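First up is the structure itself, then whatever we jot down about it.
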Amino acid sequence: MSSSQPQANVKQSSHPLSTRHITTTGGDFDTAYPVEVKKYLRTYGLTPPAVESYETQAKRCLKLLELKPTAIGKFQYLTHLRATNVHLFYRLLSENIKELTPLIYTPTVGEACQKWSEIYTQPEGMYLSFSDKGNLYSILSNWPHNVEITVITDGSRILGLGDLGINGMGIPVGKLALYTACAGIRPDATLPLTLDLGTSNKALIEDPLYMGSRRDKVTPEEEKEFLDELMAALTERWPGIVIQFEDFKNPFPSLERYKDTYTCFNDDIQGTGAVILAGFIKAVKLSGVPVKDHRAVFLGAGSAGVGVAKQLVEFFVKEGLTEDEARRKFWLVDSRGLVTNDRGDKLADHKVYFSRDDNNGKQIQSLPRLIDFVKPTILMGLSTIGGAFTPDIIKQMATLNDRPVIFPLSNPSSKSECTFEEAVKYTDGKALFASGSPFPDVEHNGVNLTPGQGNNMYVFPGIGLGAILCKSVSVTQEMIYASAVALSTALNEEEQKRDWLYPDIRRIREVSVTVTRGVIRAAQKDGVDRELNIRSLSDEELDAYIRDRMYDPSAEKGKLQDEISQLTQHLNGNGLNGVANGVANGVKSAVAGAAAHL
Ligand SMILES: NC(=O)C1=CN([C@@H]2O[C@H](COP(=O)(O)OP(=O)(O)OC[C@H]3O[C@@H](n4cnc5c(N)ncnc54)[C@H](O)[C@@H]3O)[C@@H](O)[C@H]2O)C=CC1
Ligand SMILES: CC(=O)C(=O)O
Ligand SMILES: [Mg+2]
């Protein structure tokens, strides 16, 4: 975690690319700066004369947002705000997280990725092409900041929208914005990274506006060689960097290959597994069904489906079941039906663990028939098929269970297997519900019901911050599991009273502190931490340590103003004698550095 000082090992002022042009750092023209700051930054006269409060600025921003008639228009406005005033953007986002997250993340980011080639205006991260192989380290050197965390995608499975090639850049940008808003990782310490390794999306290749390589997807072997070079280059360029893999079509091989060697994790497999485990722990309690009697049908057996199921197996085992008993609680369905040993096709490696051998030769393709056969207590959707949980299927779950666990987790909203309204309506308000994308509250029998949002955004910020702060050499399975347990303990009294599965998203910064602490403690237990000074801290002290290191956008301008005031006092004080001159120069360079961060 960086301090608020400019990074020492990156010469920002001499870098040919002005930091102002990178959207993690823009902000010299802030209308909140007092006259002395504007003069110092030489922006005096370039902005309107008023010196505005944050409240006035926020009012204008929210009004401008309201004036944009479409979600994509709002997304574009927020992108512009981040590019031109990064601290204002993050303060606005942090203080309006519930309202603004859907505009910079799911569902709107899905539409933004689909339209990326049309709406592109400025750099927001790095693009590395297959033809850059052999030169990745030197290209990474073009990024002018000291990076602590990167989110990487190759765009090959963006949400439930398929292969969007480099148009997937919206995802690393959006996820990293949440790292900053939810866990206080400094914006300039984040690097959105998109790999241009070709695309299977023919329409994109033919689109004249598409900005990626117009070639077929590279082979898995070529991808492996590219990633080998990239992982080494990233870690050499920024030792200690945390690397998050996101929205790769088949991410299992690279997770297996790099998880013990680099500080990395896969959000779709592991982050999703953790967030769903946290909600599941609560749901199991609320269902009234003993842990050992649960049975789960999963529609979708991809990275997220298998990642979630594996995490839940670990939970069942910790609850006293054998691994085999736990594994047999899962019936996974893919596009060809129930995953079985004798289905006749070659199963992908990641499905084999859950493949059934007790189907007596029957291959079940229809979800209602499988539900009849299994009588599940839990129905999970990670299939990318919007509306797959039909009213009849939801009613079937309600007939089988007093409180059915129904989690339609596919993103964006259009791909959700059902809506909250449908789940409430067809279970008479009894469903224990969480969805990947947000849904509005529903009124049922005079009671206001709030849906849970089972989205990995509840855990990945804390996993990343935890790994950064304890300088973890890898991200262990225990760290992932700990993030889930920590999240499940983070609900306050009111949230528990209302039977919520997840904490109110408006408390996400506080929740992220708890998750971060859990992750650090697990790293310490596993002995993968290198920040030994924090080992002896009590939980309260560790929480305070974490909070202290979280970027607070509302404090940034104050810090700059203080430094400029000090400088002004020195300049206006006793004359520029040798000592004062030296101090002033020191402050001035700090200010110049800080200004470059704005
Ligand atoms: N809520 C959250 O935090 C997260 C949600 N997701 C969402 O989960 C979905 C799946 O993601 P991944 O597993 O990574 O994708 P994937 O492409 O690896 O897996 C999709 C799975 O759905 C199956 N499927 C496709 N059509 C089907 C059909 N008609 N019937 C039954 N199964 C079908 C496929 O065979 C495959 O097993 C996406 O929509 C993604 O946005 C992913 C990660 C996190
Ligand atoms: C939330 C997320 O990571 C996904 O839908 O892929
Ligand atoms: Mg994802």
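Everything numeric in this text was worked out from a predicted model, so none of it was measured.
The existence of a salt bridge linking Glu148 and Arg186 is excluded, since no basic side-chain nitrogen approaches an acidic carboxylate oxygen closer than 4.0 Å. Using a 4.0 Å cut-off between charged nitrogen and carboxylate oxygen, Glu493 and Lys497 do not count as a salt-bridge pair. The pair Arg507-Glu495 counts as a salt bridge, with a side-chain nitrogen and a carboxylate oxygen less than 4.0 angstrom apart. Here Glu510 pairs with Arg547 in a salt bridge; the nearest charged N to carboxylate O distance falls below 4.0 Å. Using a 4.0 Å cut-off between charged side-chain N and carboxylate O, Asp529 and Lys471 make no salt bridge. Contact check on Lys98 versus Asp504 returns no salt bridge, with no Lys/Arg side-chain nitrogen under 4.0 Å from an Asp/Glu carboxylate oxygen.
Residues Arg498 and Glu494 form a side-chain contact, since some pair of their non-hydrogen atoms from C-beta on lies under 4.5 Å apart. Contact check for Gln122 versus Glu124: side-chain heavy atoms found under the 4.5 Å cut-off. By the 4.5 Å heavy-atom criterion applied to side chains, Trp238 and Leu140 are counted as neighbours. Looking only at side-chain heavy atoms (C-beta outward), Asp30 and Thr43 stay at 4.5 Å or farther from each other. Considering only heavy atoms from C-beta on, Val109 stays 4.5 Å or farther from Ile104 through its side chain. Between Thr101 and Ile505, every side-chain heavy-atom pair lies at or beyond the 4.5 Å cut-off.
The side-chain tip of Lys39 points at the ring of Tyr44 from less than 6.0 angstrom away and within 45° of straight on.
A side-chain donor-acceptor contact under 3.5 Å links Gln496 to the backbone of Leu491. In terms of modelled atom types and a separation under 3.5 Å, the side chain of Ser437 and the main chain of Ser410 share no donor-acceptor contact. Judged purely by atom type and a 3.5 angstrom limit, Asn85 has no side-chain atom pairing as donor or acceptor with the backbone of Leu81. Checking side-chain atoms of Ser538 against main-chain N and O of Glu541 turns up a donor-acceptor pair under 3.5 Å. The backbone N or O of Ser472 sits less than 3.5 Å from a side-chain atom of Thr263, completing a donor-acceptor pair. A distance-only check finds no donor-acceptor pair linking the side chain of Ser94 to the backbone of Arg91 [under 3.5 Å]. The backbone N or O of Thr194 sits nowhere less than 3.5 Å from a side-chain atom of Thr153 that would complete a donor-acceptor pair. A donor-acceptor contact shorter than 3.5 Å is absent between the side chain of Asn411 and the backbone of Leu159. In this structure, the side chain of Thr150 does not engage the main chain of Pro192 through any donor-acceptor pair within 3.5 Å. With hydrogens and angles disregarded, no donor-acceptor distance shorter than 3.5 Å links the side chain of Ser416 to the backbone of Thr419.
Aromatic ring orientation, Trp143 versus His145: perpendicular (interplanar angle above 60°, classes split at 30° and 60°). The aromatic rings of Phe460 and Tyr179 sit tilted, their planes meeting at an angle between 30° and 60°.
With rounding to the nearest 0.5 Å, the separation of CD1 in Ile152 from CD1 in Ile171 is 14.5 Å.
For Phe89, the ring pair (Phe, Tyr, Trp, His ring centres under 6.0 Å) criterion is met by no residue, not counting sequence neighbours.
Between Glu118 and Leu209 the shortest heavy-atom distance is CG-CD1, 4.0 Å.
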Carefully, step by step, assess Asp539 and Arg521 under the rule salt bridge (Lys or Arg N to Asp or Glu O under 4.0 Å). CA-CA 9 Å; Asp539 282 355; Arg521 288 296 187 223; 2.9 Å; yes

Run Met169 and Tyr120 through side chain to side chain contact (heavy atoms under 4.5 Å, CB included) and show every step you take. CA-CA 10 Å; Met169 178 56 111; Tyr120 176 85; over 6 Å; no

Can Tyr458 and Cys182 be said to form a side chain to side chain contact (heavy atoms under 4.5 Å, CB included), step by step? CA-CA 8 Å; Tyr458 271 106; Cys182 304; over 6 Å; no

Carefully, step by step, assess Ile241 and Ile149 under the rule side chain to side chain contact (heavy atoms under 4.5 Å, CB included). CA-CA 5 Å; Ile241 188 173; Ile149 189 157; 5.6 Å; no

Go through the steps for Tyr502 and Asn455 under the test side chain to side chain contact (heavy atoms under 4.5 Å, CB included), then give the verdict. CA-CA 10 Å; Tyr502 294 98; Asn455 190 292; over 6 Å; no

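Looking only at atom types and distance, the side chain of Lys115 has no donor-acceptor partner in the side chain of Asn167 under 3.5 Å away. Counted by atom type alone, Lys74 and Thr108 present zero donor-acceptor pairs between their side chains at under 3.5 Å.
When ring centroids are compared, Tyr551 and His87 come within the 6.0 Å threshold.
In summary, of the residues considered (Phe245, Tyr481, Phe265), a side chain to side chain contact (heavy atoms under 4.5 Å, CB included) with Gln270 occurs for Phe265 alone.
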